[in-house]
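Down below is the structure, laid out as structure tokens.
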Amino acid sequence: MNMKEVERKWQARWEKTKFNNFDDRSSKPKKYVLEMFSYPSGAKLHIGHWYNYGPTDSYARFKRMQGYNVFQPMGFDAFGLPAENYAIKTGVHPKDSTEKNIATMEGQLRAMGAMFDWSAEIKTCDESYYKWTQWMFLQLYKKGLAYRKEAPVNWCPSCSTVLANEQVVDGACERCGTTVVRKNLTQWFFKITEYAEELLTGLENLDWPEKTKLMQKNWIGKSTGCEIEFDCDTGDKIRVFTTRCDTVFGVTYVVLAPEHPLAKKLTTKEQLPAVEAYIEETSKVNEIDRLSTAREKTGVFTGSYCTNPVNGKKVPIYLADYVLYSYGTGAVMAVPAHDERDFAFATKYGLPIVKVIENTAGETVLPFTEDGIMVGSVDFDGLSGEEARDAVAAHIAKLGKGGKKVNYRLRDWLVSRQRYWGAPIPILYCPVCGTVPVPEKELPVRLPYDVEFRPDGKSPLAKHEKFMKTVCPQCGGEATREADTLDTFVCSSWYYLRYADANNDREPFDRDEVDKLLPVDTYVGGAEHACMHLLYARFFTKALRDMGYLDFDEPFLRLVHQGVILGPDGNRMSKSHGNIVSPDEYVEEYGADAFRLYLMFGFSYTEGGPWSDDGIKAIARFMDRVEKIVLKVKDYPTGGGMLGKEEKNLNYARHYAISRITRDMEAFSFNTAVARLMELVNAIYKYDALEEKNYTLLKNTVKDLLLLMAPCAPHFCEELWEQTGGKGSVFEQSYPKEDPNALVLDETEYAVQVNSRIVCKTMVENGLSNEEIEAQVKALPEIGEKLAGKEVKKCIVVPGRLVNLIVG
RNA sequence: GCCGCUGUGGCGAAACUGGCAGACGCGCGGGACUUAGAAUCCCGUGGGAAACCGUGCAGGUUCGAUUCCUGUCAGCGGCACCA
């Protein structure tokens with residue numbers, strides 16, 4: 001078959017008949033199948049795109065043939081850092097390079113033959129889209145879910161610019177090699193923590209991979225503990241969070257994160273130089289290193305003391321970078337006897353170690369971090385575990401110094417970016433009225449085209465006078481615009497909603513349209529999004545629900561992660577590894593269908609693996625075999641009504657394939673689905689080789705083969721469907737349904753074991769009782785030998801599988 | 001470092017809920033067809049002469065473990081400004 005011609009023919013026909021567009025008037029149940037949209041960083045589709053979109057499209061087509069009205073949109077996550085970096089390097093404007101890349105990718109995505117509904121296409125960098133991204137920001141702002149506070153950024157003092165984590169290599173700027181420092185800026189945040197509890201409990205009912213749910217759960221990091229207030233001699237109060245308030249009598253010092261607002265305030269004059277040097281030093285260390293338990297602990301004494309509320313003891317206040325300002329209260333009570341980090345720190349700095357928990361199961365070796373009996377804790381001695389913590393927390397509450405507290409590791413979402421290529425934050429600053437949201441009717445706040453990208457200490461928009469200067473909508477006076485743009489994750493947190501009503505210019509989406517199409521039934525994308533994108537999108541959905549814009553709680557009911565196709569050397573494909581494999585030559589040589597089929601067959605979908613093209617020829621051969629037999633059988637007469645053993649076998653193979661492929665397609669187990677197709681083809685060839693055959697049965701089996709295969713090789717099967725006289729599109733046909741009767745066999749092969757070792761196999765008539773099976777097995781000559789003179793102590797019959805005789 | 005995942009023939013991989021390890025392919029070996037090659041078709045193929053041994057490694061639970069548990073090694077993903 002001339003695949004190039006066939007692909008063009010069917011793609012043109014689908015386009016012309018709007019075959020892939022969602023049918024708004026259909027009464028069939030809807031199925032929203034969504035692949036994570038593409039980031040147009042390079043001009044061409046890479047193997048990862050094909051791997052994500054090809055097999056998932058086959059799933060969508062499968063659902064369509066099962067009678068669903070399928071919606072499968074596609075778009076582009078078009079803002080982002082790479083386009084801006086490319087602009088800095090080459091001078092090509094991000095808008096120009098992005099639009100060019102998108103145009104190329106659109107063409108390639110069409111050539112893939114996926115049934116994307118292009119009428120719902122979105123590009124996040126279009127005004128018609130980011131207008132509504134800005135609108136989302138305003139709604140969150142109005143709802144009190146967007147706020148400003150100081151937060152650190154990576155700062156390159158030489159380039160005078162903010163760096164993304166990715167641009168920091170070994171603590172230095174990737175461009176100039178200067179050591180990067182942390183610097184505080186006032187930035188915008190979304191209050192995702194407000195939804196921490198619901199984001200956690202909502203996971204329960206989602207059909208998501210368990211590992212992904214677990215990762216989100218750990219990311220949210222709920223822990224129940226106690227907040228305790230330590231009064232400082234200066235009159236300030238330090239609040240600490242601990243999950244081990246049963247150790248509070250063992251506190252020998254308190255530690256603040258170096259960024260803690262009280263850090264400098266509590267420092268005595270004598271200690272100031274040391275403290276300042278330490279803070280400076282820590283600003284160069286990243287969080288991952290700071291959290292490393294293997295790294296040597298460092299810290300500095302502030303010179304001040306505070307009081308342990310439970311025993312009135314004065315303890316010194318230290319700064320140390322193993323305490324993070326972003327977690328809990330940014331301060332901890334240190335109990336070196338019962339915490340490994342505190343123990344290491346106390347040992348290094350010669351601080352006292354006071355044991356207050358005794359091991360009940362043996363010797364107490366410090367640091368002892370498990371639950372045990374409280375000692376040296378006055379009235380609480382003898383208590384342990386939860387009971388101890390409850391009692392201590394209640395006591396602290398009674399003292400008015402804190403009490404039980406639920407804490408989340410989840411932090412608010414920092415959405416400000418000091419960059420150009422993103423949606424401008426729709427806020428302005430008026431000397432009179434303060435922070436003022438841009439009125440909705442003035443949206444979008446347009447991203448100006450003529451900007452200076454060269455990093456020189458000011459973000460690109462801040463340098464653009466015409467953009468920055470504006471008028472306050474409240475007082476009419478002069479005002480300045482916010483110069484930061486939004487994190488691209490904001491754009492991708494609501495795109496799946498926009499697809500439902502992509503061309504609406506009055507509102508981000510019509511509520512009825514969204515409630516009709518959403519939630520997404522099946523969402524497919526990389527596991528690297530497990531925590532951030534997927535959590536942000538869930539947060540947006542919940543916030544929009546609470547603001548009355550939609551009527552469901554979760555955006556993605558089912559989630560599937562495709563694996564990663566690595567380079568042939570087993571490394572992630574990248575320019576630096578020089579191991580990038582382009583799909584283009586394969587598609588050119590074998591066609592889109594063969595390439596898709598190969599991706600489905602050659603890898604476990606959720607695992608991925610190193611690229612290898614061994615076997616792509618086998619797929620081409622398989623397709624040839626299918627074509628040959630389909631065209632051969634087409635010309636057979638009908639009739640031949642016999643139903644012997646051979647016919648029964650063929651019909652069994654046919655319905656076994658239907659049953660298994662249906663199950664495998666549903667489960668995204670594409671490699672086994674294709675294997676079952678191959679088996680069916682083998683069975684058909686075997687039957688066709690017989691002298692006499694039931695032509696009607698053979699024709700029906702071949703027809704089912706075409707229908708089963710259609711989602712996996714869409715152009716190829718459309719063409720064969722047409723050539724064999726099929727009416728309309730093959731995708732308008734119903735997916736074959738299994739006949740349970742055809743799958744019932746007269747007998748089943750059992751493995752027979754003696755003492756759990758296989759001795760022989762035997763055919764067992766179906767429907768026998770366990771006792772009858774046991775008797776039959778014992779009568780086998782091979783078994784008789786083994787059992788000679790021995791007593792059968794136990795007989796285990798696993799129905800349909802095996803018999804295990806235990807003899808003594 | 002922390003969180004999560006993965007590890008099965010020469011290779012890609014299968015294996016329902018603890019029940020015959022290696023389906024389906026690649027590769028390889030043999031054969032048919034052909035003047036020859038290509039293509040195609042058929043047969044065989046975990047290791048071992050065999051007893052037996054085999055799912056990263058060491059243990060455990062069980063009549064039975066690729067599957068469950070403990071420990072360990074290796075690789076991969078994420079760690080909040082890459083998306």
Side-chain angles (χ1 to χ4, degrees), chain A residues 36-39 41 77 79-82 85 151 153-154 162-168 187 209-212 214-219 221 286-295 326 409-419 487-489 491-492 526-533 535-536 561 563-564 566 570-572 598 601-604 606-610 612-619 621-622 624-625 628 663 669 671-679 682 685 689 749-758 760-761 793-806:
Chain A
M36 289 180 184
F37 60 175
S38 321
Y39 180 75
S41 62
D77 189 13
F79 278 136
L81 186 66
N85 282 342
V153 292
N154 300 312
V162 176
L163 299 177
N165 287 342
E166 191 191 46
Q167 298 173 295
V168 182
Q187 311 196 65
E210 284 307 319
K211 60 167 185 171
T212 308
L214 191 57
M215 275 193 268
Q216 283 212 357
K217 192 181 155 195
N218 290 335
W219 185 269
N286 68 47
E287 276 201 6
I288 291 174
D289 288 341
R290 279 174 66 169
L291 277 169
S292 168
T293 46
R295 188 168 150 264
S326 56
R409 206 175 72 93
L410 182 69
R411 317 206 285 250
D412 278 338
W413 172 14
L414 195 167
V415 295
S416 300
R417 295 293 182 270
Q418 294 71 41
R419 285 187 230 293
D487 178 8
T488 54
F489 274 124
C491 309
S492 58
E528 66 275 16
H529 293 291
C531 291
M532 304 176 68
H533 162 62
L535 204 55
Y536 296 151
H561 296 306
V564 182
L566 306 168
N571 292 306
R572 193 168 260 274
Y598 177 62
F601 180 62
F603 303 86
S604 163
T606 54
E607 298 291 320
S612 144
D613 57 11
D614 287 354
I616 192 161
K617 281 206 180 92
I619 288 292
R621 179 155 60 228
F622 167 66
D624 280 345
R625 266 166 75 78
K628 247 184 250 166
R663 203 179 77 195
S669 179
N671 53 349
T672 54
V674 177
R676 301 290 92 85
L677 280 174
M678 290 172 168
E679 282 172 350
N682 291 344
Y685 265 88
E749 189 186 59
Y750 275 64
V752 186
Q753 301 182 327
V754 173
N755 285 341
S756 306
R757 295 183 86 90
I758 301 270
C760 64
K761 293 175 183 184
K793 288 181 172 166
K794 198 173 167 188
C795 174
I796 297 154
V797 178
V798 182
R801 294 278 178 183
L802 58 73
V803 181
N804 188 4
L805 298 166
I806 309 300

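Note on naming: letters A, B, ... go to the chains in the order of the sequence lines (proteins, then strands), and numbering restarts at 1 for each one. Any value given below was found using the heavy atoms of this structure, including those in side chains, with hydrogens, waters and symmetry copies removed. All values derive from a computational prediction rather than experimental measurement.
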Which label fits B/G29, syn or anti, where anti is any glycosidic angle not within 90° of 0?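 That one's anti.
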For [X], answer base if it contacts any base atom (sugar-phosphate contacts may also be present), sugar-phosphate if it contacts only those atoms, and nothing otherwise; contact means non-hydrogen atoms under 4.0 Å.
X	result
A/S416	base
A/T488	sugar-phosphate
A/F622	nothing
A/V153	base
A/V168	nothing
A/G800	nothing
A/K761	base
A/N804	base
A/A618	sugar-phosphate

Could you state the [atom1]-[atom2] distance from [X] to [N], rounded to the nearest angstrom?
X	N	atom1	atom2	answer
A/E528	B/A80	CD	P	15 Å
A/M215	B/G4	CE	P	9 Å
A/I796	B/C63	CD1	C1'	4 Å

Counterpart base for [N], defined by Watson-Crick or G-U wobble contacts under 3.5 Å:
N	value
B/U34	none
B/C16	none
B/G4	B/C76
B/G59	B/C69

From the set [options], return the single nucleotide nearest to any side-chain atom of [X].
X	options	result
A/D487	B/A83, B/A23, B/C53	B/A83
A/M532	B/C79, B/A14, B/C82	B/C79
A/K211	B/C5, B/A83, B/G64	B/C5
A/S604	B/A13, B/C53, B/C82	B/A13
A/K628	B/A80, B/U40, B/A83	B/U40
A/E749	B/C41, B/A83, B/C20	B/C20
A/Q418	B/C53, B/C81, B/C20	B/C81
A/N682	B/G25, B/C81, B/A83	B/G25
A/T672	B/A14, B/C81, B/C41	B/A14
A/Q753	B/G12, B/G19, B/G77	B/G19

Is there a side-chain contact between [X] and [Y] (heavy atoms, below 4.5 Å)?
X	Y	answer
A/R417	A/V153	no
A/F79	A/R419	no
A/E528	A/H561	no

Working to the nearest 0.5 Å, report the span between OG1 of A/T672 and CZ of A/F601. 10.0 Å
Is [X] side chain donor-acceptor paired with the [N] base, going by distance under 3.5 Å alone?
X	N	result
A/Q187	B/C81	yes
A/R676	B/A23	yes
A/R801	B/C16	yes

Rounded distance in Å between the C1' positions of B/U61 and B/C69: 7 Å
Taking atom C1' in both B/G22 and B/C26, compute the distance separating them and give it to the nearest angstrom. 14 Å
First of A/M678 and A/L214 reached from the 5' end of RNA chain B, by closest nucleotide: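 Its nearest nucleotide being more 5', the pick is A/L214.
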A/W413 backbone acceptor or donor facing A/Y536 side chain under 3.5 Å: no
